[in-house]
Every structure is written in structure tokens, then in C-alpha cells.
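Owing to the predicted nature of the structure, the values given are computational and were not obtained by experimental measurement.
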Amino acid sequence: VQLQASGGGLVQAGGSLRLSCSASGLTVSSHSMGWFRQVPGKEREFVGVMRKSTTSTYYSASVKGRFAISRDNANNRVYLQMNSLRPEDTAVYYCAGTGMGNPILSSLYRPSTYSYWGQGTLVTVSS
């Protein structure tokens with residue numbers, strides 16, 4: 001299984017970016033697909049998740065209403081649309097996929113629930 005995150009870059013506060021996560025060896029509609037972010041010296045932080053077999057999405061309080069996860073089944077990709085970006089959104093963003101099974105919702109907020117990880121893409125928001 002390989003997950004490849006891309007689309008990061010430098011953007012001004014208030015701007016938008018769309019991150020993409022392409023998957024091989026894993027069908028994104030058959031796994032819950034999450035996005036996390038991490039800054040140096042801090043723990044990996046939950047951003048959002050799309051549950052397997054549905055389009056139900058859940059987000060952290062800090063990004064709810066600004067970020068949105070979508071899925072392209074035909075191209076086996078998951079996206080993270082980020083709007084109204086703030087300097088505190090600066091981080092390396094990771095996409096992740098759960099293993100087989102259907103983890104309960106509360107577990108999807110934890111990085112340890114995910115079996116597969118992409119390499120991360122850096123998002124820098126300037127003030």
C-alpha cells in the first residue's frame with residue numbers, strides 16, 4: 001500500500017489550498033481515510049476523516065467550517081480542501097488509511113488507528 005500526499009505550498013492567510021492523496025494497493029472507498037497534521041515538537045493532530053463506505057465526514061473543531069474532505073472513487077483519491085487558511089494551520093499534512101474492519105468513530109481521531117500513511121506535504125501559511 002502506498003499513499004502519496006501532494007498539493008502543499010506557501011499561501012497567504014485567508015487563502016486556499018487543496019491537498020490530494022493518491023492511493024495504490026488500497027481502495028479509498030473501502031477504508032476510512034483521515035487527514036492529520038504535525039508541527040515540529042508537537043504530536044500529530046487530527047484534522048478530519050471520511051468514513052469507509054459512506055461520505056460521512058468529521059473534523060476537528062479548529063478546522064470545521066473551513067476544511068472539507070472529498071473522495072474521487074474513479075481515480076482512487078482523497079482531497080482536503082482548505083479555505084480561509086490561518087498561520088496556525090502551518091504544518092506537515094498527512095493522509096492516512098485504516099486497515100480492514102470498521103473502526104468506531106471515536107477511534108478515528110487517533111493516529112494509532114490508522115495502518116497506512118503517506119509521506120506528508122508541507123503547508124505554510126504566511127501572515
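- Among residues at least two apart or in separate chains, salt bridge (Lys or Arg N to Asp or Glu O under 4.0 Å) pairs with a member in residues 60-81 are R66-D89.
- Rounding to the nearest 0.5 Å gives a distance of 5.5 Å between OG of S16 and CD of Q81.
- Below 30°, between 30° and 60°, or above 60°: for H31 and Y116 the angle between ring planes is above 60°, a perpendicular geometry.
- Enclosure of atom CD in Q2 is not indicated, since only 12 or fewer non-hydrogen atoms of other residues, nucleotides or ligands lie within 6.0 angstrom.
- To the nearest 0.5 Å, atom OG of residue S6 and atom OH of residue Y93 are 15.0 Å apart.
- Note: E45 CD to W35 CH2 = 14.5 Å, rounded to the nearest 0.5 Å.
- Residues V49 and L19 fall into different hydrophobic clusters, defined by Ile, Leu, Val, Met, Phe, Trp and Tyr side chains chained together at heavy-atom separations under 4.5 Å.
- A cation-pi arrangement is found for R44 relative to Y94, the charged atom lying closer than 6.0 Å to the ring centre and inside a 45° cone about the ring normal.
- Side-chain contact between L108 and Y114: present, with at least one pair of heavy atoms (C-beta onward) separated by less than 4.5 Å.
- No hydrogens or angles considered: nothing links the side chains of S29 and T27 as a donor-acceptor pair under 3.5 Å.
- Cation-pi geometry between R18 and Y79 is met: the NZ or CZ atom falls under 6.0 Å from the ring centre, inside 45° of the normal.
- In this structure, Y59 has its ring center no closer than 6.0 Å to that of F46.
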